[in-house]
Structure formats: structure tokens, C-alpha cells
Amino acid sequence: MNNTLTSAQLNGILSIADDAIICVDGMHRIILFNQGAERTFGWKAAEVHGKELNLLLPPRYHGEHGRHIERFDRSGQSARKMAERQAIYAVRKDGSEFPAEASISKLEAESGMIYTVILRDISRRMAYERELKAAKERAEAAMQAKSMFLANMSHEIRTPLNAVIGMTSLLLNTHIDDEQRDYAETIRASSEVLLTIINDILDYSKIEIGRLEIERQPFDLRRCIEESLDLISPEASEKNINLAYFIDESVPAALVSDVTRLRQILVNLLSNSIKFTHRGEVVVSVSAVPFGDASHEVLFSVKDTGIGIPQERQGELFQAFTQVDASTTRKYGGTGLGLAISKRLTEIMGGRMWVESEVGAGSIFSFTVVAEASGSQLAQSFLQERSSALAGKHVLIVDDNSTNRRILVKQALLWGMVPSAAASAIEALDLVRHGHAFDVAILDMSMPEMDGLSLATEIRKYRDEKALPLIMLTSVAHRPRNVMTSEVKFSAYLNKPIKPTALFDALLHSMQIAPLNAPMRRVAAPSEKLADTLPVKILVAEDNTVNQKVVQQLLAHLGYRADVVANGIEVLDALERQNYDVVLMDVQMPEMDGLEATRRLRARYGAGVPPRVIAMTANAMPGDRDKCLAAGMDSYVPKPVELEDVRAVLIAVSSPVEEEITHEDAEVIDRRRIGQLMELQDENNPTLVSDIVELFIADSPKHLQHIAEAIAAGDPAALESAAHRFLSSIENLGAGRMRRHCMELEQRGRDGVPDGAAGLLAALQREFEIARQHLRGIVAAP
Ligand code: ADP
């Protein structure tokens with residue numbers, strides 16, 4: 001067999017090739033032009049034979065081409081692509097140019113150098129690429145348009161839906177029979193579900209079109225987690241699912257990040273876990289890895305013992321509108337948006353989200369965020385530290401649930417306590433009987449075989465209340481009635497999920513230890529519902545869904561069912577529809593913010609009348625408070641909103657008169673009132689405020705004179721009427737401290753006992769001097 005090819009065979013091969021293959025001699029004259037080249041360039045081989053290679057290149061490249069070949073010659077390479085990535089251009093017989101990809105190689109022959117060019121026309125491919133790029137851009141634009149459409153749509157749907165919800169709550173406040181009430185309750189509940197879905201869609205489309213902004217504020221992480229758990233704990237306890245959380249020591253107590261978004265993610269994951277778990281537990285744990293500087297990667301995981309997710313479906317979970325099993329939609333509801341939103345939110349916060357799950361065993365959803373530790377004193381650091389008050393105390397922990405046991409033991413260890421854990425009542429009794437000296441015991445109520453109550457009765461046979469105080473651990477929904485009435489006295493009751501703050505208090509209280517270095521904490525809210533004594537209709541304006549829920553839940557604690565709207569325009573719409581006594585108004589909202597809404601509302605309904613407006617704002621700057629009051633708001637609660645603050649402010653704004661009398665430190669001049677007067681000032685009345693102030697300053701001495709005369713004459717009736725007349729002008733300007741003295745004088749007159757009236761008059765005169773200074777200051781201010 002002869003293995004070398006004949007030149008006929010070689011020619012055959014050259015003619016098969018699709019690419020143009022062209023050989024030139026040392027003078028760059030064409031000596032070979034295959035059929036591929038004929039097809040590519042439109043020349044016949046015979047036509048170009050002996051012609052310069054430049055014939056095939058656009059004239060503007062001729063010079064460069066020569067230099068290129070020289071460079072290539074010097075480089076000593078045997079072959080090289082001349083036009084890697086960047087396309088070169090070649091020219092056909094008809095003069096048309098086309099993009100090409102070419103490589104060149106050289107060969108030493110007897111007759112001198114031979115260069116071989118292999119060239120491919122890539123005009124088709126480039127056109128295809130251009131088309132692809134255009135199609136991609138069109139798809140992106142369509143996506144953007146779709147998201148915009150979704151955003152607008154959900155916005156449009158919200159408006160009538162708010163009307164449905166508002167009207168239903170009006171209906172519920174009328175006299176209707178039980179059946180009608182039942183229907184109305186269903187409408188209300190369904191509308192609220194619909195509203196949540198629409199808000200999810202709105203959120204999702206906001207993320208898609210890059211309109212979502214992330215805040216960076218210091219916050220207390222523990223509190224953020226507890227608030228999230230609070231939102232879902234009623235459901236958990238209804239399903240008898242153990243809810244627990246644990247924050248590792250590695251996690252800074254206060255972080256700088258977006259607390260609202262973080263809570264949104266947690267609530268999303270937690271409600272999924274509760275939804276898909278029928279028995280067992282849901283546990284949140286948090287740990288952190290420092291980055292060197294103040295930054296930390298904080299890892300959250302939500303672990304459940306629910307139905308689990310098949311391996312092959314886990315990848316799609318985080319895509320929008322996907323659910324594991326289409327049939328679950330009917331059984332469990334939902335839009336399939338929650339995880340998609342949560343994942344995007346974590347990504348915006350510098351983290352990622354993933355899932356590990358096994359069908360039938362449960363799921364762990366984990367996510368990270370990158371956040372800085374905050375130096376602020378927000379967090380109750382005593383919860384993380386060894387507490388001298390509890391250090392060395394022996395605590396017995398009895399719970400059949402191992403997660404709860406672990407959490408209680410860990411927390412006790414953190415405080416320097418000496419914990420012993422028992423998984424059953426029998427085990428615990430054994431420890432007590434064998435003389436272990438415990439300072440306090442925590443008993444879980446629901447345990448198999450012997451429950452916490454029976455265990456307590458048994459323990460009392462060996463130790464009395466003094467020797468071993470007992471703390472009962474229950475879930476709200478499952479606190480048996482006999483716990484409260486049982487023979488055995490418990491020194492404290494703890495609700496699940498176990499909160500370190502509550503646990504700390506319960507332990508201190510049980511062992512009668514006064515907190516040493518611990519900061520003062522709020523006492524537990526009295527259980528009676530404020531709504532019973534103060535029945536007001538409340539509208540909440542807040543754009544963030546999770547915040548809406550927090551505020552609604554908090555108001556529900558006080559016995560109120562509040563309607564919710566998401567921006568200033570919706571507030572004004574809602575007020576057109578029905579009367580509200582109080583509007584809890586977020587300051588920063590899209591479309592129309594809280595300040596503008598209040599200004600318009602005051603212009604429409606007047607100042608000093610309901611609805612009372614309470615600002616909710618995270619900005620704790622004194623200037624912001626003034627801005628709120630100047631816009632016509634009545635009061636102010638800082639965010640995150642606290643139960644006690646809301647209770648206090650609701651009482652205050654709903655009974656303004658009493659508030660000001662009893663107010664120890666009434667303001668010299670109530671800025672709200674000045675703000676209201678400013679509102680009334682317009683082109684027709686450009687100097688209204690200063691006119692009223694001047695009038696007041698000019699008139700007051702006369703009033704004071706009349707009061708002095710009445711006192712001198714010992715005439716109570718005259719005193720009453722003089723004080724009364726002065727009072728109305730004082731109130732006009734909101735001069736709080738003058739008002740207090742003047743009312744006292746009026747009362748003395750009414751009672752017919754002008755004793756001590758001279759002293760009050762002196763005080764009133766003093767206050768007038770002070771008020772005069774203040775008023776001049778206010779009027780002079782730009
Ligand atoms: P949805 O609003 O439908 O709950 P999500 O995006 O939050 O939307 O969840 C998508 C799907 O992922 C759910 O419908 C469910 O099939 C599955 N899933 C989410 N969390 C869990 C969980 N903890 N256990 C089992 N399945 C889950």
C-alpha cells in the first residue's frame with residue numbers, strides 16, 4: 001500500500017472543502033484558488049491565477065495586509081489566525097464586501113515561500129448573531145413592559161379592592177344577623193387574601209424593573225426575628241407545631257441592613273414552613289461569619305418537619321409562579337411568588353438562598369445576607385452576656401421536644417447558669433427525688449405520659465414553692481384552662497416560641513432576684529382591650545405588606561380591626577368613603593407620602609377635628625417630628641411601632657383635652673396649633689398667623705387686668721367669666737401652660753372659692769411673658 005496522496009487526490013480534497021483555500025507565492029501572487037474560494041469570491045481560478053492577493057481585499061486594507069504578513073514572517077510561527085475574533089473584510093468579484101474569518105500559514109518550497117490562506121465567509125453567522133441580539137433586546141423590553149403592566153395593574157386593582165374591604169368593615173359594624181355577619185366576614189377575609197396576592201405581584205414586578213430600594217438602618221436582630229415569629233405563631237399553635245428560634249453567639253446583636261425586607265423574607269419562609277408542616281416543629285437559627293471589617297455574612301435557616309420537596313423539583317422552586325405540585329395550589333393556596341421574591345431580596349442584600357429537603361422528612365430553607373454590625377446600643381446586649389444575676393443558678397429544664405431543650409440549655413449556659421435537662425416528667429422527677437438542688441424549674445405543659453401540670457403536682461410533694469419555683473411553658477392556643485386554676489402555683493408562664501427576654505424576666509421573677517445591670521424593660525401589656533373603652537375606627541396607611549401586618553396585629557391585640565391602605569392617595573379615597581377617627585400614617589409612601597396626605601386631609605376636613613393623624617416614622621430626628629406636626633399630624637410614634645406606644649398615643653389623640661390638662665409639662669406654645677393656623681394662611685390671608693399673635697399679645701394684658709380686678713373685688717362670678725374669656729384666646733394659640741393656670745382660675749371662680757387665686761394669677765402672668773417670647777420667635781422665623 002502506498003500511503004502518499006497523489007496530486008489529483010490532493011486537488012480532490014481541496015475541492016471538497018467548504019472554506020476558501022488560497023495559496024500565494026513569496027510575491028503574494030495567487031498560485032492556488034480552490035472551488036470553495038471560487039464560491040466565496042465569485043472569481044474563477046483561471047481569472048485570478050498570478051494576480052496579487054490584494055485583489056481579494058478591500059483597497060483600504062492593502063497596506064495593512066502587507067505589514068501583517070511581514071509581521072507574521074518575522075514571528076516564526078507556522079500558522080496563526082489572522083483574524084481571531086475581530087472579523088477581517090474581503091471583497092468579491094462584484095465588488096461587494098463581506099466579513100470573514102481567516103488563518104494563514106507558510107510553507108517552504110523549493111521555489112521559495114508559499115503562504116496558504118484559509119478563509120470563511122461569516123456574513124451569515126454575523127447576521128444571525130445580530131438577529132439574536134435584537135431578539136434578546138426585544139424580549140427584555142417585553143419583560144420590562146410586562147413588569148410595568150403588572151405593577152400598574154395591581155395598583156389599579158388595589159383601589160377598588162380597598163373599597164370592598166372598607167365597605168365590608170362598615171357593614172360589619174352595623175346590625176346584621178349572624179348569617180349575614182358570616183358572609184361579610186368571608187368577603188373581608190377573602191379580600192384581604194386577594195390584597196396580599198396583589199401586593200406580592202406588585203413587589204415582584206418592582207424587583208423585576210429594578211425599582212426596589214433597600215434601606216440601611218441599624219436594627220435589633222432578635223426583635224426582627226421575634227416579630228416575624230409573632231406574625232405566624234397563632235397559626236403554629238393552632239396546628240400544634242412547635243416554634244423555636246436560636247441565635248448563635250457569633251451574630252452581632254444589632255445589624256445594619258433592611259429590617260423590613262429581612263422580616264419579609266423570614267415571614268415568607270416561616271409561613272411556607274407552617275403551611276406545609278402538619279406535625280413537629282419549625283425552627284429558625286441564625287449564625288454569622290465575620291468578613292474581617294465590620295461586615296458579616298449572616299446565615300438564616302428555617303427548618304421544618306413538613307412534607308418535604310422532591311429533589312427534581314427543588315431547582316424550580318425559586319422561579320416566579322412555580323409550585324411543586326399544581327394540585328397543591330388548591331390544597332394550600334398561594335401564588336408561587338413568595339420564594340421568588342425572597343430569593344431576589346436576599347440577592348439584593350448581597351446574599352443567596354437555597355433549599356435542602358427530603359420528601360416526608362422536611363425542608364431547610366437557608367439564606368444569607370451581608371450586613372454590618374452596628375455599634376448602636378439598640379440591642380439588649382444583656383441577653384447575650386453572662387448575667388451576674390443568674391450566674392451559678394441551677395435550672396431544671398423539662399421538655400420532650402429536643403429543640404426546645406437545646407435552646408433553653410444554650411440560653412441558660414449563655415447566662416452562666418447550670419442547666420440540667422430532662423426529656424420526660426419521669427426523668428425530671430427522678431432528678432428532684434434524688435436530691436438535686438435546683439433553684440428553678442421550667443416545665444413544658446404538653447408532654448406525653450405525664451404532662452407539666454401533673455409533674456408540678458408531683459414535684460410539690462418534695463419541694464415547696466419557696467424551695468423550687470416553677471415556670472410553665474405553654475403555647476397560647478393550648479393553655480389548658482386548669483393551668484390557671486390549678487392547685488400548684490406557677491411563678492411564671494412562658495409562651496412558645498421561647499423569647500430570651502421573657503425567659504430572663506421569668507427566671508429573675510421566679511427566683512425573686514432584682515435585675516442588677518439589666519436595663520429597664522417594658523412591663524407586659526395589660527390584657528384588657530383598649531377597644532372596649534376607646535372604640536375608635538382606625539385606618540392604617542403603610543406601603544409595606546409585612547409592616548401592615550405588624551401594625552394590624554398590634555392593633556388587634558388592643559381589640560381593633562383596622563383597615564389598611566398603601567399610600568396617601570388611598571388614604572384620601574378611604575376617607576371619602578367612610579369616617580375614620582384615627583389614621584396611623586407612614587410618612588414615606590409611594591405615590592403620595594404621609595405629609596402631603598395629611599396636608600390635603602386637613603385642607604379638606606379642617607384642623608383640630610377627626611381624623612386624628614398619627615405619624616409612623618423611622619426618622620427619629622427632632623426636625624422630622626416638627627415636620628409631621630406642621631403638616632397637621634396630631635402625634636407621632638417611632639418605628640418599629642411598639643404596642644405601648646400605640647396604646648398611649650391612641651388614648652392621647654382621642655382625648656386631647658384631658659391630655660393637656662394632666663400633662664405635667666405642657667408646651668409653652670403648641671406647635672401643632674401654629675401649624676394648623678399656618679395651613680389657613682393663604683393669598684387672601686397672607687399674615688394670618690402674625691396678626692393673631694399680635695392681637696393676642698396686645699389683648700392679653702387687658703384680660704389679665706380683668707382677672708386681677710375680679711380677684712381684688714372677691715367676685716367669683718366675675719373671675720369665672722374673665723378667665724373664661726381669656727381662655728378662648730389662649731386656646732386659639734395653643735399656649736398650653738397658660739391654659740392650665742387659666743383653667744384653674746376659672747374653676748376657682750366657678751367653685752366660689754377664689755383662695756390662692758392671686759398666686760395663680762402671678763403664675764399666669766409669668767407664663768404670658770414666656771409665651772410672648774416664644775410667639776415672637778415663631779413669627780420671626782422664616
Ligand atoms: P406560594 O405562595 O405558592 O407558597 P412560594 O414561592 O412561597 O409560593 O412557594 C412555592 C412552592 O414551594 C410552594 O407552593 C410549595 O409547593 C413549595 N414549598 C415552599 N416551602 C415549602 C416547605 N417548607 N415545605 C414544602 N414545600 C414548600
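One-based numbering, in listed order, for ligands and for the atoms of each.
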Exercise for review: Between Ile197, Asn272, Ile364, flag the one that comes closest to atom 7 (O) of ligand 1 by a heavy atom.
Suggested key: Asn272
Does a side-chain N-to-carboxylate-O contact under 4.0 Å join [X] and [Y]?
| X | Y | value |
| --- | --- | --- |
| Lys239 | Glu235 | no |
| Arg261 | Asp203 | yes |
| Arg405 | Glu281 | no |

Practice item. Using the six-membered ring wherever Trp is involved, compare the ring planes of Phe504 and Trp415 and label them parallel, tilted or perpendicular (cut-offs 30° and 60°). Key: perpendicular
Point to revise | Exercise: do Asn404 and Asn242 side chains pair donor with acceptor under 3.5 Å | key: yes
Check your understanding: Asp230 and Gln553: side-chain donor and acceptor closer than 3.5 Å?
Key -> no
Check your understanding: Side chain, backbone, both or neither: which part of Phe318 comes within less than 4.0 Å of ligand 1 when only heavy atoms are counted?
Key -> neither
Check your understanding: If you measure from each non-hydrogen atom of Ile309 to ligand 1, which part falls under 4.0 Å: side chain, backbone, both or neither?
Key -> side chain
Exercise for review: May I ask you to check if ligand 1 and Asp304 share an N or O to N or O distance below 3.5 Å?
Suggested key: yes
Check your understanding: Taking distance alone, with no angle check, do Phe276 and ligand 1 share an N/O pair under 3.5 Å?
Key -> no
**Study point:** side-chain hydrogen bond (donor to acceptor under 3.5 Å, both in side chains) assessment of Ser357 paired with Ser363
**Key:** CA-CA 4 Å; Ser357 182; Ser363 314; 3.0 Å; yes
Review point. Does Arg313 reach ligand 1, in the sense of a heavy atom lying below 4.0 Å from it?
Key: no
**Study point:** ligand 1 contact by Ser273, heavy-atom criterion under 4.0 angstrom
**Key:** yes
If you count the atoms of ligand 1 from 1 in the order shown, which ones are under 4.0 Å from a heavy atom of [X]?
| X | answer |
| --- | --- |
| Lys275 | 4 (O) |
| Gly338 | 5 (P), 6 (O), 7 (O), 8 (O) |
| Leu337 | 6 (O), 8 (O) |

